[in-house]
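Following this message is one structure expressed as structure tokens.
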There are 2 protein chains.
Amino acid sequence: MPAVSDCIEMLDSETKAVETPEDHAEELRLWLRLLTCTTLIEGEVRGRLRQRFDVTLPRFDLMAQLDKAPDGMTLSDVSKRMMVSNGNVTGLVERLVESGHLDRRTSETDRRVQVIRLTKLGRAEFRRMAAEHETWIADLFGDLTPKDVRELMRLLAKTKASAQKSAAARRP
Amino acid sequence: MPAVSDCIEMLDSETKAVETPEDHAEELRLWLRLLTCTTLIEGEVRGRLRQRFDVTLPRFDLMAQLDKAPDGMTLSDVSKRMMVSNGNVTGLVERLVESGHLDRRTSETDRRVQVIRLTKLGRAEFRRMAAEHETWIADLFGDLTPKDVRELMRLLAKTKASAQKSAAARRP
DNA sequence: GGGAAACATTTTAGGCTTAAAACAATTTGG
DNA sequence: CCAAATTGTTTTAAGCCTAAAATGTTTCCC
């Protein structure tokens with residue numbers, strides 16, 4: 001685990017002992033701020049979805065994935081895209097099939113695989129919600145200039161790449 | 001709710017009808033990217049905390065709040081700081097008192113209020129975890145330059161303010 | 001062909017989370 | 001003073017979420 005050793009200043013050949021551990025307070029603050037922003041916005045969106053459409057955020061997110069895939073997706077695909085566990089998806093899908101928003105069938109070519117799609121009802125309801133959802137997001141980010149948005153996109157892309165690299169280094 | 005009407009171009013007095021709805025795809029993409037970054041890092045931290053210290057992320061977060069408050073905090077304070085529901089904190093505290101990490105007592109001046117503190121054990125364990133946690137964060141954000149970090153801090157501060165304003169406008 | 005490995009999903013056990021209702025204590029404004 | 005509003009916490013019901021084990025299916029490869 002290289003992170004721990006990186007945390008100590010290099011030895012200065014013969015003369016000097018170990019330096020004080022490096023200060024990572026800035027990164028820590030950045031992480032907390034990132035988390036705050038996400039939690040804030042997520043909570044707001046969750047509340048509006050519930051009040052306005054009586055739907056939960058995870059259900060909305062799952063339908064959003066399926067809306068982009070007219071031919072359906074496998075549960076694994078959904079799980080990877082949503083970055084949640086497999087078992088989580090199983091439960092979500094169960095409830096959405098129950099409520100008539102999703103259609104689920106076993107793949108004809110591979111009987112391990114379950115393919116899910118939005119039903120007509122599911123798609124219609126999702127589109128209705130998504131249109132309003134988009135205005136909420138626009139409003140929540142409303143004080144950012146187009147330049148701010150571009151710059152944030154760039155820096156978050158870099159952040160994502162950095163985190164993925166660091167995460168991958170731990171699981172080879 | 002001003003967001004919905006803002007989504008439509010203003011009427012051009014007599015001559016023109018309603019324009020096409022504004023395109024907020026950029027903000028939507030930004031939101032998804034923000035969410036991806038947070039989920040990615042959060043999942044990584046959660047897994048490392050569990051593997052390395054057999055502790056859950058919410059427990060770590062709660063202890064982190066208390067570590068900054070030597071005189072303890074009320075449950076409400078914790079709830080606000082962590083941006084989670086009151087009932088959630090009740091349960092978390094229950095388990096952490098049970099495991100000996102937290103001390104909880106009723107305020108002497110206001111019998112509604114519960115004040116919680118880290119125990120000696122709780123503080124010691126938290127400090128040990130926090131030191132390592134900081135290196136994980138530094139590693140996850142490792143590819144960002146100091147300038148990137150500053151710039152992200154600035155833009156996320158702006159984002160937070162924007163979202164808070166938008167959220168406040170909905171609940172007066 | 002057939003056993004081992006890989007894969008997709010479900011199940012299990014436990015914990016987290018929320019919104020809303022209920023309860024208890026304090027503060028406020030007539 | 002005292003009823004009403006407010007505040008702090010807990011309870012409730014339902015759903016979300018994870019990690020790990022279990023199950024069923026397919027692929028690999030000898």
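Note on naming: letters A, B, ... go to the chains in the order of the sequence lines (proteins, then strands), and numbering restarts at 1 for each one. Here the structure is a predicted model, which means the values were calculated and not measured.
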Exercise. Walk along DNA chain D from 5' to 3' and tell me the first and last nucleotide with an atom closer than 4.0 Å to a non-hydrogen atom of chain A.
Key: D:dG15 to D:dT26

Quiz item: Only one of B:E132, B:R59, B:H133 clears side chain to side chain contact (heavy atoms under 4.5 Å, CB included) with B:F53; which?
Solution: B:E132

Quiz item: Is any side-chain N or O of A:R46 closer than 4.0 Å to OP1 or OP2 of C:dT17?
Solution: no

Polar atom pairs between nucleotides 13-16 of chain C and protein, under 3.5 Å, N or O only, would you list them?
unit_1: C:dC16; atom_1: OP1; unit_2: B:T56; atom_2: OG1; d: 3.0
unit_1: C:dC16; atom_1: OP1; unit_2: B:R59; atom_2: NE; d: 3.2
unit_1: C:dC16; atom_1: OP2; unit_2: B:R95; atom_2: NE; d: 2.2
unit_1: C:dC16; atom_1: OP2; unit_2: B:R95; atom_2: NH2; d: 2.4

Quiz item: Under the side chain to side chain contact (heavy atoms under 4.5 Å, CB included) test, which residues partner B:T145, sequence neighbours left out?
Solution: A:K158, B:K147, B:D148

Exercise. Could you pull out all residues at least two apart from B:E94 that satisfy side chain to side chain donor-acceptor pair (under 3.5 Å)?
Key: none

Quiz prompt | Side chain B:T38, main chain A:L35, donor-acceptor under 3.5 Å | solution = no

Exercise. Please report the shortest heavy-atom distance between A:L66 and A:I116, naming the atom on each side.
Key: CD2-O, 3.6 Å

Between protein and nucleotides 4-8 of chain C, what N or O pairs are separated by less than 3.5 Å?
unit_1: C:dC7; atom_1: O2; unit_2: A:R112; atom_2: NH1; d: 3.0

Exercise. Indicate yes or no for a side-chain donor-acceptor contact from B:T36 to the backbone of B:L32 under 3.5 Å, with no hydrogens or angles considered.
Key: yes

Quiz item: When you match A:E94 and B:G87 each to their closest nucleotide on DNA chain C, which lands nearer the 5' end?
Solution: A:E94

Quiz item: For A:T109 and A:V84, take the nucleotide of DNA chain D holding the closest heavy atom to each; which residue's nucleotide lies nearer the 5' end?
Solution: A:V84

Quiz item: Which residue pairs pass the salt bridge (Lys or Arg N to Asp or Glu O under 4.0 Å) test with at least one member in residues 24-41 of chain A, sequence neighbours excluded?
Solution: A:E26-A:R29

Quiz prompt | Donor on one side chain, acceptor on other, A:T109 and A:S107, under 3.5 Å | solution = yes

Quiz prompt | B:R117 atom CZ, neighbour heavy-atom count above 12 within 6.0 Å | solution = yes

Practice problem: Test side-chain hydrogen bond (donor to acceptor under 3.5 Å, both in side chains) on B:S166 and A:D139 and set out the steps. | Solution: CA-CA 6 Å; B:S166 169; A:D139 202 50; 3.0 Å; yes

